Amino acid sequence: MLTTLIYRSLVNPGLRQACIQTLVQDALERNNAKHVTGILLFDGAEFFQVLEGEETVVNALFNRIRTDPRHSAVVLMMQDFSAYRRFNDTGMQLFDACSHPEESILNDIRSLSQFRGGYLQDDRIVRLATQFLSQRRTQPAPARFCPSSWHLEGREHFSLADWPAAAPQQSCQFALQPIVEALTGKVSSFEALIRSPSGGSPANMFALVPADKLYDFDLETKACAFSLGSRMLQAGEKLSVNLLPGVLCSVPGAVETLIAQIEAAGLRPEQIIIEVTETEAITDQDAFYQALKALRIAGTGFAIDDFGSGYSGLALLARFQPDKIKIDRALIEGIHLSGVKQAIVRSIARCCEELGITLVAEGVETLEEWCWLESIGIHLFQGFLFSRPILNSVGEIEWPIGNRSV
Ligand code: C2E
Ligand code: MN
Ligand code: MN
């Protein structure tokens with residue numbers, strides 16, 4: 001299958017013009033042999049390359065390019081498919097934006113193509129190249145958030161002599177995972193994640209509950225989460241709990257029950273955040289929004305969970321603005337490598353900033369992901385990088401520390 005792949009990367013500052021010519025010459029021979037077209041734009045600091053050819057060949061080539069030490073921060077901007085080649089037998093062409101004007105480079109690229117009678121004007125490739133050539137590079141990724149400038153150090157957050165083991169008769173347990181402000185070393189909240197009596201996942205737990213009792217069960221079990229929270233929350237920390245939206249739409253008096261549970265545990269509604277994922281269609285929209293209003297009036301926080309996945313998204317946000325949005329892990333995984341995820345997350349961040357909504361990135365697993373997210377101004381994180389969820393307890397939290405020598 002024909003594929004077109006575009007990446008951008010930062011050219012190694014030590015790479016001289018002559019070396020770039022050698023690189024292009026080597027690639028020309030390799031690409032010709034494999035019927036791959038490579039169009040390489042260079043602006044003195046960055047590469048922008050289009051590769052077109054057979055999918056497996058292009059993927060193998062890109063995997064090699066990724067680890068080439070002559071450049072770094074390789075970000076995939078586009079991978080798409082087409083019935084026709086845009087560029088026939090072009091081999092490898094270099095366009096030097098330091099010495100040629102933008103419009104003449106774009107014209108040259110267009111003239112290389114026989115795509116649908118030379119009709120490349122509106123093609124996404126041309127748009128991406130235009131964007132690359134015309135951007136004002138006023139904000140290079142700050143060197144401060146280069147992953148090699150950081151390491152992790154574990155610190156015991158807080159220890160209770162007698163962490164409450166789950167009572168034997170309890171129908172469920174909770175694991176706790178911190179949401180951290182990584183640069184200041186503060187825990188902003190803990191999320192209580194349900195576990196079965198034997199420690200199984202939420203899916204295992206809910207599989208033990210009859211379908212018609214699911215909402216009642218979800219609501220009742222929150223009392224255990226609040227009771228755990230009341231024993232471990234420290235000043236300024238909050239507790240997040242998850243609820244199926246159906247609980248809020250269809251269990252009569254659900255909000256009153258929650259508030260009563262919170263108070264019975266000796267907590268205040270302001271210390272609690274209710275997280276909702278739209279894993280199921282919300283059948284009674286009006287009842288749902290009435291419940292959200294009641295939560296607001298009672299004083300708890302409200303978060304849209306898994307934002308950007310499935311149904312959890314814009315329609316809900318347009319109608320009701322939460323205190324917090326948690327970006328789904330699927331958008332965070334490998335974000336430092338994906339131009340598409342970067343564009344989406346940057347626009348979510350801009351939207352939240354404009355609306356005054358706190359943003360949390362979920363599922364952060366690597367320093368590379370964390371550095372990229374910090375560099376665009378996201379400051380709250382949840383993920384295995386900092387801490388895994390721990391049953392009935394809080395353990396060590398790993399904090400990023402700047403390497404003094406760098
Ligand atoms: P969630 O609310 O999005 O919670 C985060 C999930 O991501 C947790 O999975 C957590 O263990 C996992 N996670 C956190 N950091 C990372 C990471 O860096 N990498 C990876 N791969 N995973 C990470 P868990 O505990 O299995 O929970 C799954 C989902 O079950 C939760 O997703 C939530 O939607 C639901 N859930 C949990 N407790 C409850 C509950 O009491 N009621 C309801 N209705 N749903 C619950
Ligand atoms: Mn959640
Ligand atoms: Mn989530």
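Since the structure is predicted, the reported quantities are computational estimates derived from the model, not experimental observations. Remember, it's 1-based here, ligands and their atoms both numbered in the order they're listed. Scope of the values below: all heavy atoms of this structure, side chains included, with no hydrogens, waters or symmetry mates.
Within the 3.5 Å criterion, the main-chain N or O of Arg86 finds a donor-acceptor partner in the side chain of Glu52. Between the Thr300 side chain and the Glu270 main chain, no donor and acceptor come within less than 3.5 Å of each other. A donor-acceptor pair is defined here as one N or O able to donate and one able to accept, closer than 3.5 Å; such a pair exists between the side chain of Glu54 and the backbone of Met1. Lys293 places no side-chain N or O within 3.5 Å of a backbone atom of Tyr289 that could act as its donor or acceptor partner. No donor-acceptor distance shorter than 3.5 angstrom exists from the side chain of Ser196 to the backbone of Asn204, with no hydrogens or angles considered. Remark: side-chain polar atoms of Asn31 are not paired, donor with acceptor, to backbone N or O of Met92 under 3.5 angstrom. Between the side chain of Glu369 and the main chain of Glu365, a donor-acceptor pair closer than 3.5 Å is present.
For atom 30 (O) of ligand 1, a protein non-hydrogen atom is found at a distance below 4.0 Å. The nearest protein heavy atom to atom 12 (C) of ligand 1 is not closer than 4.0 Å. In this structure, atom 6 (C) of ligand 1 has its sub-4.0 angstrom surroundings free of protein heavy atoms. Not a single protein heavy atom sits closer than 4.0 Å to atom 9 (O) of ligand 1.
The shortest N/O to N/O separation between Ala192 and ligand 1 does not fall below 3.5 Å. The distance criterion of under 3.5 Å between nitrogen or oxygen atoms is met by Ile194 with respect to ligand 1. For ligand 1, the polar-atom distance check against Asp306 finds a nitrogen or oxygen pair separated by under 3.5 Å.
Nearest protein heavy-atom contact of atom 27 (O) of ligand 1 is Pro202 CG, 3.3 Å. Considering only non-hydrogen protein atoms, atom 34 (O) of ligand 1 sits nearest to Thr277 OG1, 4.1 Å. For atom 4 (O) of ligand 1, the nearest non-hydrogen atom of the protein is Leu193 CD2, 3.3 Å. Annotation: atom 15 (N) of ligand 1 to nearest protein heavy atom, Gln177 NE2, 3.1 Å. Nearest to atom 20 (C) of ligand 1 among the protein's heavy atoms is Glu365 OE2, 3.2 Å. Distance from atom 46 (C) of ligand 1 to its nearest protein heavy atom, with residue and atom name: Asn242 CB, 3.6 Å. The protein heavy atom nearest to atom 1 (P) of ligand 1 is Asp305 OD2, 3.7 Å.
By the 4.0 Å heavy-atom criterion, Leu244 is counted among the residues contacting ligand 1. Residue contacts with ligand 1 include Pro389, since one or more of its heavy atoms lies under 4.0 Å from the ligand. Heavy-atom separations between Arg195 and ligand 1 include at least one value shorter than 4.0 Å. Ligand 1 lies less than 4.0 angstrom from a heavy atom belonging to Glu191.
Salt-bridge annotation for Asp68 and Arg64: absent, with no side-chain N of the basic residue lying under 4.0 Å from a carboxylate O of the acidic one. Checked for salt-bridge contact, Asp286 and Arg319 meet the test: a charged N lies under 4.0 Å from a carboxylate O. Under the 4.0 Å criterion applied to side-chain N and carboxylate O atoms, Arg388 and Glu398 are not assigned as salt-bridge partners.
Of all atoms in ligand 1, listed by their number and element, those nearer than 4.0 Å to a heavy atom of Phe206 are 42 (N), 43 (C), 44 (N), 45 (N). Distances below 4.0 Å separate heavy atoms of Lys222 from the following atoms of ligand 1: 40 (C), 41 (O), 42 (N). When each atom of ligand 1 is checked for a heavy atom of Glu362 under 4.0 Å away, the hits are 3 (O). Close contacts of ligand 1 with Arg329, meaning ligand atoms under 4.0 Å from a residue heavy atom, involve 19 (N), 20 (C), 21 (N), 22 (N). In summary, the atoms of ligand 1 found under 4.0 Å from a heavy atom of Asp218, numbered by their order in the structure, are 40 (C), 41 (O), 42 (N), 43 (C), 44 (N).
The aromatic rings of Phe42 and Phe47 sit tilted relative to each other, their planes meeting at an angle between 30° and 60°. A tilted orientation is assigned to the rings of Phe62 and Tyr7, their planes being inclined by 30° to 60°.
At a threshold of 4.5 Å between non-hydrogen side-chain atoms, the residues Pro197 and Met205 count as touching. Residues Ile125 and Met78 meet the side-chain proximity criterion, which asks for heavy atoms closer than 4.5 Å. By the 4.5 Å heavy-atom criterion applied to side chains, Val345 and Leu373 are counted as neighbours. Using a 4.5 Å heavy-atom threshold, the side chains of Asp306 and Glu275 count as separate. With contacts defined as side-chain heavy-atom distances shorter than 4.5 Å, the pair Phe307/Leu314 qualifies.
Between Phe320 and Phe302, the gap from one ring centroid to the other is short of 6.0 Å.
The number of protein N, O or S atoms lying under 2.8 Å from the Mn ion (ligand 2) is 4.
Of the candidates Phe174, Phe384, Phe381, Phe217, Phe384 brings a heavy atom nearest to atom 22 (N) of ligand 1.
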